[in-house]
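Down below is the structure, laid out as structure tokens.
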Amino acid sequence: MIKNPILKGFCPDPSIIWAYDRYYIATSTFEWWPGVRLFESKDLKNWSQIKSPLRRRSQLDLTGDPPSGGVWAPCLSFDGDRFYLVYTDVKTKKGRFYNTNNYIVWTDDIYGEWSEPVYLNSIGFDPSLFHDTDGKKYLVNMINGFKGITVQEFDADTMMLCGERVCVYKGSGIGCLEGPHIYHIGEWYYLIAAEGGTGYDHCVTMARADNIYGPYETCPDNPILTSDRDGLLQKCGHADIVETPDHEWYMVHLCSRPVKKTTGSVLGRETAIQAMELGPDGWFKTKHGSRYGLESTEEPAAYSKNDETEVGRYCFKDDFSDGSIKEEYSSLRWDYNEFSYIDTSEKKMHIRGYESLNSLHHVALLATRQQSIKCAAETKMSFSPYSYQQMAGITYMYDNLNFYIFGKTLTEEGDSVLVLLKSDKGDITDMMSPIAINEGDIKLRIETDGINIRFSYALGEEWTEIKETGSTDILTDEYCRGFTGAHFGMYVHDMIENKAVAKYDYWSVEEGL
């Protein structure tokens, strides 16, 4: 069996393909850099992260993008020769006007460099590229305001849209029509979409037509996937389907695992998978017979005889000994190579401070996403500030308005101190009186059971836990009204001259405590 979610912690809006004996999934990254996470698998069960496609500022400039703006719902596709990626860079997402710029990039080698982006349009978010069986290609768009799904032919030679843009579907009636994908299977064109909003009423709906331009008939059993309010997986929706080489069908979809007995999703939205089948009536349905996203699903027949192995708890440890910044790291809005590097002689991560964490532009934060409800992040750091406007340490954060910083700075009198800051919707307060500390290395640790947060430090081998505790309430999708998830990170700011550097000996995130 395949246990869900297959991609844990802030991996929403999955798009899946099969190519060259591998499955690949692309997920949204919003204001986090690099843009779009890519994962690969041979069996749909075990996934590993590979190089992200949007790694150059010329491809993606997120500076100034709002929280949960940026890269929405990428669509990864393959035409047998070339890989394509369509994505949206959302510049504003509040009020009457959404600014949603859509682009396409491509590559012949999914592990290599991707092209410069070509602008497509801005009529809505969640575009997808459909490759028909006759070789023609079409861009499938949703219209801002949830006003329908459009189809327009795309010329891959000129990388331009051509012909008329046609609105082909207005939705099933559930509302908030988005995330469209089209597939040509047999005599039918199937349209899969997300409806119900991206919260607890999220779902997957389906329609079909005998022509790419419709008219599309709504599936009588919609939604084909949604959530059981008593189940582990909530917010099930925004899906994509893939056919295995043995002609089995699977659907990957967005989901969330709120903390038990709360509606707080500190892990953000994740990716799960369900085995699917085409029923005798020609409509897709889950193979397990329920329309709910379940915690496990059967694996492809080719792998079903494999021995079941106990999945150990996740532990990410980096001592910076290999000299490269690992794919698991992310930064806010700009390239982490601009402010961080590994000194191979010292085997330490050097991070140079820039703007403070509440900035929308140049924040020096190297972070990893939270992947299980119970976990702890730990580091060892050396930092010698010369002003109270310089700080370095560890952060547990959701976005630039909601975070905790546990770090070293100076008082206005010039004394070294350890501080604990909390930002609640942008209101930054001290959670404790500053703790006087000596110069030298300091270890910092943040631990959570999913609800409560504890902070500890060590100047030598002995740890001291401070009495003040935090709450994950302010780090959830629901509280922040966001689409991402909580992160732990190494963080430095220098609000004087962008020169102060902190050195980190290691970074560890131990999950599933």
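Hydrogens, waters and symmetry mates are skipped; everything else that's a heavy atom, side chains included, is used.
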Under a 3.5 Å cutoff, is there a donor and acceptor pairing between the side chains of [X] and [Y]?
| X | Y | value |
| --- | --- | --- |
| Asn144 | Thr100 | yes |
| Glu195 | Thr205 | yes |
| His253 | Gln274 | yes |
| Asn452 | Thr469 | no |
| Asp240 | Tyr183 | yes |
| Arg269 | Thr198 | yes |
| Asn101 | Ser122 | yes |
| Asp61 | Thr63 | yes |
| Thr368 | Trp507 | yes |

Between [X] and [Y], is there a side-chain N and carboxylate O pair less than 4.0 Å apart?
| X | Y | value |
| --- | --- | --- |
| Arg57 | Glu116 | no |
| Glu447 | Arg454 | yes |
| Glu478 | Lys235 | yes |
| Asp494 | Lys499 | no |
| Glu113 | Arg56 | yes |
| Asp477 | Arg481 | no |
| Lys348 | Asp505 | yes |
| Arg55 | Asp335 | no |

message = Please evaluate residues Glu338 and Tyr354 with respect to the criterion side chain to side chain donor-acceptor pair (under 3.5 Å), reporting the C-alpha separation (whole Å), side-chain torsions for both, the decisive distance (0.1 Å), and the verdict.
response = CA-CA 10 Å; Glu338 297 282 341; Tyr354 282 83; over 6 Å; no

Compute the ring centroids of [X] and [Y], then answer whether they are less than 6.0 Å apart.
| X | Y | value |
| --- | --- | --- |
| Phe488 | Tyr396 | yes |
| Tyr87 | Tyr103 | yes |
| Phe316 | Tyr329 | yes |
| Tyr200 | His202 | no |
| Phe78 | Tyr20 | yes |
| Trp334 | Phe339 | yes |
| Tyr84 | His131 | yes |

request  = Apply side chain to side chain donor-acceptor pair (under 3.5 Å) to Thr88 and Asn102, showing your working.
outcome  = CA-CA 4 Å; Thr88 308; Asn102 296 314; 2.6 Å; yes

task = Classify the ring geometry between Phe483 and Phe30 as parallel (under 30°), tilted (30 to 60°) or perpendicular (over 60°).
result = tilted

Parallel, tilted or perpendicular: ring planes of Tyr341 versus His350, cut at 30 and 60 degrees =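 If you compare the ring of Tyr341 with that of His350, the planes turn out tilted.
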
key: Note, Leu38 side chain near Tyr24 side chain (heavy atom, < 4.5 Å)   = no

Lys51 atom NZ: more than 12 heavy-atom contacts under 6.0 Å =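 Yes, NZ of Lys51 has more than 12 neighbouring heavy atoms, counting only those of other groups under 6.0 Å.
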
Pairwise side-chain hydrogen bond (donor to acceptor under 3.5 Å, both in side chains) hits with a residue in residues 64-73, at least two apart = Asp65-Lys91

key: For Ser471, side-chain hydrogen bond (donor to acceptor under 3.5 Å, both in side chains) partners two or more places apart   = Asp473

With Ser28 via side-chain hydrogen bond (donor to acceptor under 3.5 Å, both in side chains) - residues at least two apart =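 Only Asp13 meet the side-chain hydrogen bond (donor to acceptor under 3.5 Å, both in side chains) criterion with Ser28.
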
message = Using modelled atom types and a 3.5 Å cut-off, is there a donor and acceptor pairing between side-chain atoms of Thr476 and backbone atoms of Tyr479?
response = yes

task = For the pair Asp424 (side chain) and Asp427 (backbone), establish whether a donor and an acceptor sit closer than 3.5 Å, ignoring hydrogens and angles.
result =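 A pair under 3.5 Å: no.
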
ask   = Going from CG on Asp155 to CE on Met160, what distance comes out if it is rounded to the nearest 0.5 angstrom?
value = 8.5 Å

request  = Dump the intermediate steps for ring-ring contact (aromatic ring centres under 6.0 Å, His included) on Phe83 and Trp106, then the final yes or no.
outcome  = CA-CA 6 Å; Phe83 297 91; Trp106 61 92; over 10 Å; no

